[in-house]
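Let me begin by presenting the structure, written as structure tokens, before commenting on it.
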Amino acid sequence: MLNIQSINQYYGQSHILWDLDLELPEGSCGCLIGRNGVGKTTLLKCVTGLLPIKDGQIIFNGKDVSKASTENRARTGIGYVPQGREIFPLLTVEENLKISLGARGDGTSKIPDLIYELFPVLQEMKHRRGGDLSGGQQQQLAIGRALVLDPKLLILDEPTEGIQPNVVRDIGNVIRRLNEEFGLTVLLVEQKLPFARKVADHFYIMERGKVEATGAMEELNEDLVQRYLSV
Amino acid sequence: MLTQRLLTSDKGGMLVLGLIALTCILVPILNLAVPESSPFHVSTFAVTLLGKFLCYALLALALDLIWGYAGILSLGHGAFFALGGYAMGMYLMRQIGDRGKYGDPLLPDFMVFLNWQELPWYWHGFDMFWFAALMIVLVPGILAWVFGWLAFRSRVTGVYFAIITQALTYALMLAFFRNEMGFGGNNGLTDFKDILGFSITADSTRIGLFLASGIALMLAYLACRYIVTSRAGKVIVSIRDAESRTRFSGYQVESYKLWLFVFSAVLAGIAGALYVPQVGIINPGEFSPLNSIELVVWVATGGRGTLYGAIVGAFSVNYGKTVFTTFYPEAWLFPLGLLFVLVTLVLPKGLVGLIGRFKKSKSTSKQEEQP
Amino acid sequence: MALLKKSVCLWIALGAFLLTLPSAYAQSPAEPDFPTLVDELASGSLSKRGKTVEAIAATNHERAQTVLKALLEGSLESTRSDPRQVLIETGTDTYVLAANGEAVNADNLGRTKRIPIHNKLRSQIKTLLAQMNLSAADADVRLRAVEQMISDGVDGDSIALLQQLKADESSSDVQDAMDDAVALAQLESSDNETRLNAAKQLRGSLYPEVRGALQIVADNDSESSIRAEAQRSLDSIDSKLKMFRLGENIFFGLSLGSVLLLSAIGLAITFGVMGVINMAHGELMMIGAYTTWVIQQAFPNQIEYSLFMAIPAAFVVSGLVGIAIERGVIQFLYGRPLETLLATFGISLILQQAARSIFSPLNRAVSLPEWMSGSLQINPAFSITFNRLYILLFGLMVFFALLAVLKKTSLGLKVRAVSQNRPMARAVGVRASWVDAMTFGLGSGVAGIAGVALSQLTNVGPNLGQAYIIDSFMVVVFGGVGNLWGTLVSAMSLGVINKFMEPFAGAVLAKVLILVLLILFIQKKPKGLFPQKGRAAAD
Amino acid sequence: QEEDTIKVGVLHSLSGTMAISETTLKDTMLMLIEEQNKKGGLLGKQLEPVVVDPASNWPLFAEKTRELLAQEEVDAIFGCWTSVSRKSVLPVVEELNGLLFYPVQYEGEESSRNVFYTGAAPNQQAIPAVDYLMNELEVKRWVLAGTDYVYPRTTNKILAAYLQSKGVAEEDIMINYTPFGHSDWQNIVSDIKRFGSSGKKTAVVSTINGDANVPFYRELGNQGISAEDIPVVAFSVGEEELSGIDAKPLVGHMAAWNYFMSVDTDENNAFIDQWLEYIGNEDRVTNDPMEAHYIGFNMWVKAVEKAGTTDSDAVIDAIVGVEVPNLTGGTSKMLPNHHITKPVLLGEIQEDGQFLTVWETDGLVAGDAWSDYLEGSKDLKSDWVELDCGNYNTKTKKCVGATAE
Amino acid sequence: MNPFKHARNWSTKALPVKDPNFGHPLDTSHGPILYVEDVSVSFDGFKALNNLNLYIDEGELRCIIGPNGAGKTTMMDVITGKTKPDEGSIYFGQQINLRELSEHQIARGGIGRKFQKPTVFEALSVYENLELATAGNKKFWFTLTRELTGEQRDRIDEVLHTIGLAQSRFNSAGNLSHGQKQWLEIGMLLMQSPRVLLVDEPVAGMTGEETERTAELLTSLAGKHSVIVVEHDMAFVRSIARKVTVLHQGSVLAEGSMDQVQSDPKVVEVYLGE
Ligand SMILES: Nc1ncnc2c1ncn2[C@@H]1O[C@H](COP(=O)(O)OP(=O)(O)OP(=O)(O)O)[C@@H](O)[C@H]1O
Ligand SMILES: Nc1ncnc2c1ncn2[C@@H]1O[C@H](COP(=O)(O)OP(=O)(O)OP(=O)(O)O)[C@@H](O)[C@H]1O
Ligand SMILES: NC(N)=O
Ligand SMILES: [Mg+2]
Ligand SMILES: [Mg+2]
């Protein structure tokens, strides 16, 4: 589904991603882990096209999307839930969801019921400005918004950050359900290992701009954690 | 120690300051001592022109201090410039004495022909230079203080602030247009004779005013550098970037903004005061909102948030205007307009961004040499 | 002079009156005949022409009215040949002989010259025509004739005539006017009773002449009862006038407000929604105004409809220019709002100079179609000018149309999303650059439409934009950036406040006061009348 | 090589708010210079125009003047429109001893050795116009409406004093000022309508400037005020302004000038033909300030020929008394006060944007620098020949102010 | 009657303090350093805080948990002066009425805050960020004319090490990653050395290891300072918690030790889940 081949990325002079490779099979749920600042968010932004890559290739669904614009990648089915949520603060909850409808191929103008079913709080707060919601509510809205565009690949950057425990659990369930029931491919960045273990089936450990270790979730042992994740 | 703080890591500023200092030394010599026939002679025309540019540069500097560093966009800074100018103009009017057209020893000409019987109260004192000098500082300063106090206290920011400053200068313009205001209406104040006893048209006086402008600009530059390199300067930058966060760090944002705004207004007032004797007229046109917008454009063209960029911008845009209006009198707005567009597109950091680019490409090559 | 005029009036009026009687009495044989008089119009001095006009009226010839009307309207021309022929121009290069209405061949006429008249002559002709019109078929024409009489002054001799005419008058409006006219004349009667009744009759009459005459009676009449009666009538007139003046002022304010609204509304999109400090907004209006002119030049015979062509044309032209500006410059500047100020300022200079180079620095004359001229006369003291009325309605229409676009279409939603968080909008599939171009084009197109409206009020020249740019920004900011309703309320309230201040402060000071009020108001509401609310707006 | 030509400065705004009026004057000057060069130039040399753009910016006027005089070394400047631009230029012209020909009607109260005022002083425009209204139209009530700046203020002051001296009561004069570019005239026009409906004949004397006129006349027309009811006499509305207005609603309103394009004289017809040919556009018009430049330029040429040099002092001495034909059939003369003699014409606006002359003064009127109706200036007199003074007080018999030095 | 309601000793009169930093020493003689009493806040009719009562003792470390939208951040907004409450009183010590003070006065008075979304001065370097946060006289004329003292510089270095950004001291704060910004903001809080620290979700986006370090840091601060921590990471809360308050729908739902709270069925229902 997603195939990243030796991409490099820079912020001005500083080299962030170094010849990075990553492969995410269709229908899997991969989790990127790594210390703060190793470039996880940067990698996701490269995939969504928000940061155009300098070299390397990104193959999505068999097509090379390296040069495609962000909006076109969204239209071909990449849903993105960014770190920090990035809700449209002055649009209502409903409008925040509606905005994604345009990227669906089918031209519906109705928000799928599934969204409200997954996140009942959004139904409740339908007419409030997105910016007024509490952090956790915004996180749910952000996931909902990404789902509205009916993605084939859902990218989530630390989706549990700032979320109350029972909702974290719910989100975990939602992700698994989407992955298992609907066959949605998921790429996730997550710091909380218990959550990651529960939700994902693959892990990718990043270190200084490279994927240093990868494997099935069960293979993520204490040794790796010690080596790559402790300070 | 202090000079180190002010000038190191300010190469561009040092360069600009050096050029101004050089001009201040060379121009008087080349104007007064070199005979007119010599190719090195600097004409009086050039002196007045440069003197005018120096005043504009000082005004631009004042704006850059608040806009570039504190993020306060004033679209009415021309008002403070004009007020300083009027204060100086009133002094110059009083110096005319009975040499006016109607020969009235007390009343300026425009009051005589409007049949005014006595000098309005606010004209008193302006016959004394010290008083006028005080007013040049106080009037813009106090107006800025009152205006700023109201606005900052109510947390008027961004475009809202920009627009009410524009309203301020617009209102002042309309008010000064009115003859009843007692500032000469649309014609303003003109026909000046002398300043501090020196004839205003004498070459030596012009050189004196030119020098005064140059020195004022250099001093103001150093003062601004002092502010922006101080701890207060960093607070000011933080206010620009995250005003509310600065509050939670315990800073009273309003008072920082207010003092900076007042200081900037005073600089603008001084610029106006130096400008008026050199161009020979002050009238309400100086309050025109368009002037203030143009001022913003100078700063942006030069490069905002660098101080010396403002000086570069004021000089280059005005020089361009002088040249274009002479060589392409019928189409000069095309190149000028194009200049503004291109600068924004190609040089987001303004003209001085060019220097930055140059330096960067040099320093990166240096870095690469290192292991 | 005035006396002469009055007696002539009367004479003609009587004549006109008699016309309705059997025609045997109509012709007065001693006068020179009509065709000779008409030809005389072509020569001689202005004062001689005045005499000729009187004589023509006195003939009561059936074409007298037509000829005088043509003279008044400037379509009476004479050839340069000898003897001069007097013609009426009935259309482009088609003429009829003035004296008998026969068509003439325009080809062998040579150059023709308009027969000039001046004000004195003009008012003389108007008076004469009014008298003839007293018995016109159209009630409106009759009413205007009576009103003309009132303003020319009614003397004792006219009373009988008016009273007689009134008996046959079918329209009650005309009857009322006739009553007022009679009473006005009777105010000067020597009979106390008549004066008293006249003063009573005039209660509430809104003709300005009536008020003046009553005032004289109230001040000077020898009878105290009549003075008191006149004063009562005056009071009733004044209280009515007061009400109408209030109405008038509100209308003036709303109408000024609608101009502000139109000039600000495009900016409310480009600046308010997109955040572009668009200094070239005024020039986009200018382009719209020039478009109106070009359309009128292209279709000189369609002036009546030209506005309907100009509105879509201006929308398209300004909109395209706007899109060009957006694609060419502004798209590189998102996230740097202040830089847009610099670039669009440059663009505004370029557009101004372009207008100067293309259309010359001179203003261009845009004509007012007939239906936009004149006013809707509600009563003699209160009328509403059509151009203002239509522009007010038009402004509201544009406003609601735009509101619908922004609120009801997906474009509106996308615009707001892009302006709030561009990268994220792209990440959910919004084609941000397309949305930007469309939105900027929309705002610019609306500016162009505003230009069409302005061309009906003010100069069409290179400086048009400059005159409105500052006010536009103020309106948008005062209303609260990003809130279209705010723009509406702000424009209308600024308009009305201005018009209520002007009478005692004067136009200049009123403007100064408005600005000061605005400054103080922003202290109370630092984000305008209708601020963006919520957490996001607070940071 | 430089000595081969005589340079003439043309100082008119080609951009900004005044471009609308001044650009034409720049073209006029270029035409006159070209014509003179065809005739063989001046003193055997070709004339070379130096055009600059002071951009409607008053301090820039001063800068450009200095540039023209000091850098370009022009021998005469033809320029300025607004009084404030003239005031800005004046000190520079005096300092550098240049020559300025100023072609626009103005408020008077000025006389400089270095400036020649070829436009009308108030006594050559305003006073005769009021006389006409008072005597011929029997106007009893007056609205003095103007833009809020010095020229209208001064003119209205003079007019108010004049009217009162003729027995007009104070309540019969309504004075109103509006800002530059005022565009919303609804209530002012409505006030005028009310003021004019008292039964006494009312007229508006308009010193409304520039762009404010179009909306003003439109409003008059739409509110149904016709020229027969309340005529408007304007001092700043000429053929050029009318060409930018749909003139239909204005027909019958008046203007007072010293020249109309419609005046049928041979000189004028030739001038118009020359202009239309030069500018290459049949629709262009001529106007009063153009005539003023025409007169001023010819006077300068004549004076230079008389003096045999372009030297300022010599030309200043030579030019007083020079007579040249104006375009309305008379001969204008440069007076010792540096103003000229001009006829005063009153015209009514016609549908085609031209004026129909309805009245004119018998002979030419001499321009008066200092108004006889203002307290401060009625004792002043300007005479650069005998007194060498621009403001001589006839009471104290002294030359007042700086020029006394 | 609200079971969580204590009472401030009303006999002591409120001081008309304009700038508490230079006023009287803080009176905490009755125990609590912070009194939040009957505070309500509503936004367009929506009650974000509803008669909230909260008392923080001097030197206490208090954890506050509660569902998303319970009003935790709003409570901090109210204490720090960002949001003005509709009703209720907030006292700092016995005498200082925080409702009368503006944000900067409250901050100077000794209440520091870390925001939920990390906010640092992006244009300034890491070092300068800490420099700005440094405690001391923050008036314009003072900062204009005085440099930092050597002592203050040492303190900054110390903090730089504590937050692990010593290498990045000259980097501009805007270029830090999310987690790094969190740390920097905590560093700024340390520089301010306030009496009360309000910390909103400090470990969001941190790895387990980093979370542990943060826990250590916060525990070490308690005692000298009063610390209020809002966090959803239950493991983290458990590791530092002494007393825990649960907010729900704008008021206190439960208060007590971690175990007490965890076993409270209401808390389980609305927050923890089964
Ligand atoms: N806009 C930027 N400009 C320059 N450097 C940046 C920028 N954004 C991030 N960086 C740097 O790039 C590196 C990687 O950042 P990134 O945000 O991808 O990290 P991350 O792995 O997502 O960390 P975290 O877990 O804290 O979110 C960091 O060192 C950060 O300082
Ligand atoms: N400015 C505001 N306008 C409208 N509603 C607001 C505003 N601020 C907060 N709210 C509402 O108040 C409620 C409390 O918000 P708050 O941010 O305090 O919750 P929280 O407890 O911090 O949640 P989280 O744990 O998700 O951060 C939320 O429902 C939010 O929508
Ligand atoms: N002189 C003028 N009309 O300003
Ligand atoms: Mg990240
Ligand atoms: Mg929160």
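Naming convention: chains lettered A, B, ... in sequence-line order (proteins, then strands); numbering from 1 in each chain. Keep in mind that this is a model prediction, so the values were computed, not measured.
Put simply, CD1 on B:I227 and OG1 on E:T145 are 11.5 Å apart, with the number rounded to the nearest 0.5 Å. Distance CZ/E:R113 to CZ/B:R245: 9.0 Å, rounded to 0.5 Å. Separation of atoms OG (E:S102) and CZ (B:R247) is listed at 8.0 Å; rounding is to 0.5 Å. One distance of note links CD of B:Q252 with CD of E:E103; it measures 10.5 Å at 0.5 Å rounding.
No side-chain heavy atom of E:L144 sits less than 4.5 Å from a side-chain heavy atom of B:W259. Counting only heavy atoms from C-beta outward, the side chains of E:H104 and B:F248 never approach each other to under 4.5 Å. Using a 4.5 Å cut-off on side-chain heavy atoms (C-beta onward), B:S238 and E:L132 make contact.
Contact residues of residues 181-192 of chain E toward chain B are E:E185, E:M188, E:Q192 (heavy-atom distance under 4.5 Å).
Evaluation of the side-chain contact (heavy atoms from CB on, under 4.5 Å) rule for B:T157 yields B:E243, B:K257, C:K527 as partners, not counting sequence neighbours. Remark: B:Y256 engages B:Y251, E:F140 in a ring-ring contact (aromatic ring centres under 6.0 Å, His included) (not counting sequence neighbours). Scanning for side-chain contact (heavy atoms from CB on, under 4.5 Å) contacts around B:V266 gives B:V137, B:V262, B:I270, with sequence neighbours left out.
The shortest non-hydrogen separation linking B:S249 to E:A107 is C-CB, 4.0 Å.
Heavy atoms of B:V237 lying under 4.5 Å from chain E belong exclusively to its side chain. For chain E, no part of B:T229 is nearby; none of its heavy atoms comes within less than 4.5 Å.
Salt bridge present: B:K234 and E:E131 bring a charged side-chain N and a carboxylate O closer than 4.0 Å.
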